[in-house]
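What follows is a short report on a single structure.
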There are 2 protein chains.
Amino acid sequence: MSTRRPTIADVAREAGVAPSTASVVFSGKTPVSASTQARVRAAADALGYAGPDPLAASLRRGRSGIVGVVFEEHLRSVFSDPVKILTMDGLADGVGEVGAGLLLLRDHDPAETAPTLTTAPMDAAVLIGCSPLLRESLEAVRARGIPVVVIEGDAGEGVPRILLDNREAQRRAATHLHALGHTDVVIVTLPLASDTRAGWISVDAEVRIDVTRERLAGARDVFPDAPTYAAGGSFIDEGFAAGRSIFADESHVPTAIIAQSDLLAAGIVHAAREAGLRVPEDVSVTGFDGVEVDGIAPAELATLVQPAVDKGRAAGRAVTAMLDGRAADSVTLACEFREGNTTAPPRRGARGVHRPG
Amino acid sequence: MSTRRPTIADVAREAGVAPSTASVVFSGKTPVSASTQARVRAAADALGYAGPDPLAASLRRGRSGIVGVVFEEHLRSVFSDPVKILTMDGLADGVGEVGAGLLLLRDHDPAETAPTLTTAPMDAAVLIGCSPLLRESLEAVRARGIPVVVIEGDAGEGVPRILLDNREAQRRAATHLHALGHTDVVIVTLPLASDTRAGWISVDAEVRIDVTRERLAGARDVFPDAPTYAAGGSFIDEGFAAGRSIFADESHVPTAIIAQSDLLAAGIVHAAREAGLRVPEDVSVTGFDGVEVDGIAPAELATLVQPAVDKGRAAGRAVTAMLDGRAADSVTLACEFREGNTTAPPRRGARGVHRPG
DNA sequence: TTGTATGCGTTATCAC
DNA sequence: GTGATAACGCATACAA
């Protein structure tokens with residue numbers, strides 16, 4: 001018994017044909033007579049040959065059939081973020097046309113052996129978000145001549161982007177609050193960077209994550225001086241922590257809170273209830289994303305519904321196009337404001353601007 | 001200007017060293033003097049060399065750093081199934097230790113170019129579910145000498161399995177209903193096969209999907225003759241359709257319904273309400289999975305909470321072990337019954353009322 | 001229709 | 001510490 005697996009050369013020898021002939025039998029690229037075909041198959045069976053080695057085949061033809069999907073955070077967080085899940089759904093759909101597999105990647109890898117943005121065998125890459133950190137490795141990827149598409153981020157010149165109208169959309173929510181009469185508003189943002197801690201931030205704090213920056217800008221277009229708390233991630237628990245911090249000082253409770261995600265908003269609603277505040281009578285809350293959040297019924301968040309699935313699908317199409325050698329354009333998708341029931345005019349006797357204590 | 005990308009050989013030539021030396025500079029496997037190291041790096045920069053080609057490197061070293069995750073259904077369905085998402089989460093965690101990337105695959109591919117179970121460049125495979133259809137391709141994979149682990153399925157001899165105590169768990173729910181006095185029970189199952197249509201099935205209908213079969217067996221251990229409706233998938237809408245069918249005949253409404261998933265159960269609750277039935281006063285409902293389902297509050301499903309994340313993590317660990325050349329054992333994880341508030345003794349006047357106890 | 005020859009880009013192994 | 005060489009396993013252009 002030979003210790004190594006049989007190769008196509010072995011099969012060819014066993015069948016008494018040339019390696020190229022055997023190869024063609026498996027790929028079907030060229031007509032082969034039924035008799036030799038049968039001989040080759042028989043030889044393959046006899047030897048326990050399982051078909052061409054994917055790695056070798058890929059090397060030879062220069063394509064792996066793999067599209068890398070790169071996330072900024074820890075990989076498992078993808079599966080806890082409802083928006084990302086929807087986007088992946090759309091992406092799977094979009095690349096399905098070209099029939100590629102999706103390889104889940106992180107930007108930099110703690111372990112040594114893992115495939116990363118620079119070392120994964122992929123034909124194209126889709127970045128979800130694009131921090132400055134990621135932008136470096138991206139340079140290497142582009143040097144490899146691999147098509148790249150970015151969802152919600154800026155990867156520089158020549159990289160097609162799939163975007164939302166984050167700033168405009170967030171401004172719409174803020175305008176809605178303003179029209180109701182709110183002036184005493186607190187903003188709760190997504191993380192400022194991939195490694196920041198939660199807490200109150202100053203007006204001129206540097207925001208390294210695009211989505212966060214855009215949505216913040218939209219809110220500040222209407223409420224330039226609103227105190228701002230940056231969360232550590234888009235989780236209900238983070239929103240809850242933010243809410244506790246905001247409601248800690250009972251003598252200064254804002255009349256409205258603009259959260260940059262629905263999960264954050266849900267946590268804030270929980271915190272408000274804990275503090276004995278009614279939503280929206282005592283405090284209005286708006287979210288962002290338009291995902292279904294469990295556990296805050298009968299509250300139904302005022303939010304910006306984003307086309308999460310379409311985002312992924314658009315990215316998939318862009319990748320497909322580039323792989324075909326066609327050009328791909330950037331796309332901006334629009335969010336839709338859904339009023340819900342978590343906003344109302346400010347309560348009577350609202351105090352002045354809330355200050356973090 | 002050469003039209004092709006530079007290779008490590010080009011870099012070596014440019015730097016005036018041997019290809020092997022240049023290679024070592026990038027891999028760091030062998031000490032290299034600082035000076036040559038610098039020369040090589042400089043040459044790489046000058047040529048715009050982006051590092052070793054992953055495909056070629058993988059071919060040479062026989063490892064791609066990729067773990068394939070295979071699903072029975074359309075790939076995008078993964079992202080709409082809360083249980084699978086949790087399992088993926090755990091899996092990402094589990095393989096993270098060995099630092100592998102996760103490649104999402106379908107078992108058979110409509111398009112030609114996509115990597116499939118048999119053509120993807122992977123070091124190991126994790127199957128989620130294992131239908132007879134899948135079992136064929138699996139043979140080919142094993143022939144390639146690739147370690148395989150199956151979650152919730154049977155892939156035959158020698159393939160480690162990560163299982164739930166589906167039958168026992170479902171029996172526990174059925175026993176609970178029986179103890180409450182129910183005898184007039186309907187079972188709503190998951191799909192019988194990957195392509196079946198929804199509808200009532202006979203007692204001896206063939207069930208090709210393992211999970212469905214096991215859970216059905218558990219329910220029938222207690223209610224052998226219960227009418228059974230097979231859903232077309234684990235969706236709220238499917239449960240709703242099942243419920244409508246069940247409640248269509250007002251003169252004969254069962255006192256309890258055993259659903260094989262929480263999503264199905266949620267749909268059944270909706271259908272019950274639509275039919276003017278109260279849950280649990282008029283009809284009891286049990287689910288399976290223990291995922292949070294939105295929209296049925298204040299109902300809280302009686303269900304079997306399954307350790308979805310642990311399932312994935314266990315699979316990841318098994319893969320890691322096999323990749324290290326160690327043996328991996330099958331694991332059976334236990335579900336926990338959560339009573340919720342959707343079960344109660346059967347309503348008066350129900351056929352065949354039993355005394356509780 | 002089949003066979004021949006070559007290269008895809010690396011890296012492991014050994015000698016120096 | 002560095003270099004020569006030989007695979008890794010396959011697919012394709014081209015000749016027969």
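Sequence lines set the chain letters: A, B, ... in the order given, protein chains first and strands last, and positions in each chain run from 1.
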(message) I want to confirm an ordering. Mapping B/Gly16 and A/Ala9 to their closest nucleotides on DNA chain D, which one lands closer to the 5' end?
(response) B/Gly16

(request) Report yes if a donor N or O on one partner sits less than 3.5 Å from an acceptor N or O on the other, where the partners are the side chain of B/Arg60 and the base of C/dT10; otherwise report no. (result) no

(request) Could you state the atom-to-atom distance from CG of A/Leu55 to P of C/dT11 in whole Å? (result) 13 Å

(request) Specify the separation, in whole Å, of atom CG of B/Leu47 and atom P of C/dG9. (result) 14 Å

(request) Can you figure out which of C/dG9, D/dG3, C/dG3 approaches the side chain of B/Leu59 most closely? (result) C/dG9

(request) Please state whether the phosphate of D/dT2, meaning OP1 or OP2, lies under 4.0 angstrom from any side-chain nitrogen or oxygen of B/Ser33. (result) yes

(request) Examine D/dC8: is either OP1 or OP2 under 4.0 Å from a nitrogen or oxygen in the side chain of A/Thr7? Give yes or no. (result) no

(request) Could you work out which one of C/dT2, C/dT11, D/dA4 sits closest to the side chain of A/Thr30? (result) C/dT2

(request) Report yes if at least one side-chain N or O of A/Thr21 is closer than 4.0 Å to OP1 or OP2 of C/dT2; otherwise report no. (result) no

(message) Closest approach to the side chain of A/Ile8, judged atom by atom: which nucleotide of C/dG3, D/dA11, C/dG9 is it?
(response) D/dA11

(request) Please state how far atom CD in A/Gln37 lies from atom P in C/dT1, giving the value in whole angstrom units. (result) 11 Å

(request) Using atom CG of A/Asp123 as one end and atom P of C/dC8 as the other, report the distance to the nearest whole Å. (result) 18 Å

(request) Could you tell me the separation between the CZ atom of B/Arg61 and the P atom of C/dG9, rounded to a whole number of Å? (result) 17 Å

(message) On a heavy-atom basis, which atom in B/Ala43 and which in B/Glu14 lie closest, and how many Å separate them?
(response) CB-CG, 3.5 Å

(message) Please report the interatomic distance CG(A/Asp329) to CD1(A/Ile162), rounded to the nearest 0.5 Å.
(response) 9.5 Å

(message) Distance to the ring centre below 6.0 angstrom and angle to the axis at most 45 degrees; does that hold for B/Arg41 and B/Phe26?
(response) yes

(request) Look only at the side chain of A/Thr87 and the backbone of A/Ala308, and say whether a donor-acceptor pair between them is shorter than 3.5 Å. (result) yes

(request) Start with the C-alpha gap between B/Val331 and B/Arg317, add the side-chain angles, then the distance that decides, and say whether side-chain contact (heavy atoms from CB on, under 4.5 Å) holds. (result) CA-CA 11 Å; B/Val331 179; B/Arg317 267 200 297 267; over 6 Å; no

(request) Ignoring the backbone of B/Ala57, work out which of D/dC10, C/dG3, C/dT11 is nearest its side chain. (result) C/dT11

(request) Using heavy atoms to find the nearest nucleotide of DNA chain D for B/Ala56 and B/Val32 separately, return the residue whose nucleotide is more 5′. (result) B/Val32

(message) Expressed as a whole number of angstroms, how long is the span from A/Arg13:CZ to C/dT4:P?
(response) 13 Å

(request) Write down the distance between CZ (B/Arg63) and P (C/dA12), rounded to a whole number of angstrom. (result) 13 Å

(request) Please name the pair of heavy atoms, one in B/Pro160 and one in B/Gly158, separated by the smallest distance, quoted to 0.1 Å. (result) CD-O, 3.4 Å

(request) Measure from the side chain of A/Tyr49, starting at C-beta and using heavy atoms only, and say which of C/dT4, D/dC10, D/dA11 lies closest. (result) D/dC10

(request) Between B/Phe26 and A/Pro31, name the one whose nearest nucleotide on DNA chain C is closer to the 5' end. (result) A/Pro31

(message) Any donor-acceptor pair, under 3.5 Å, between the side chain of B/Ser20 and the base of D/dA4, if you only look at N and O atoms?
(response) yes

(message) Taking any heavy-atom pair under 4.0 Å as a contact, classify B/Ser27: base, sugar-phosphate, or nothing.
(response) nothing

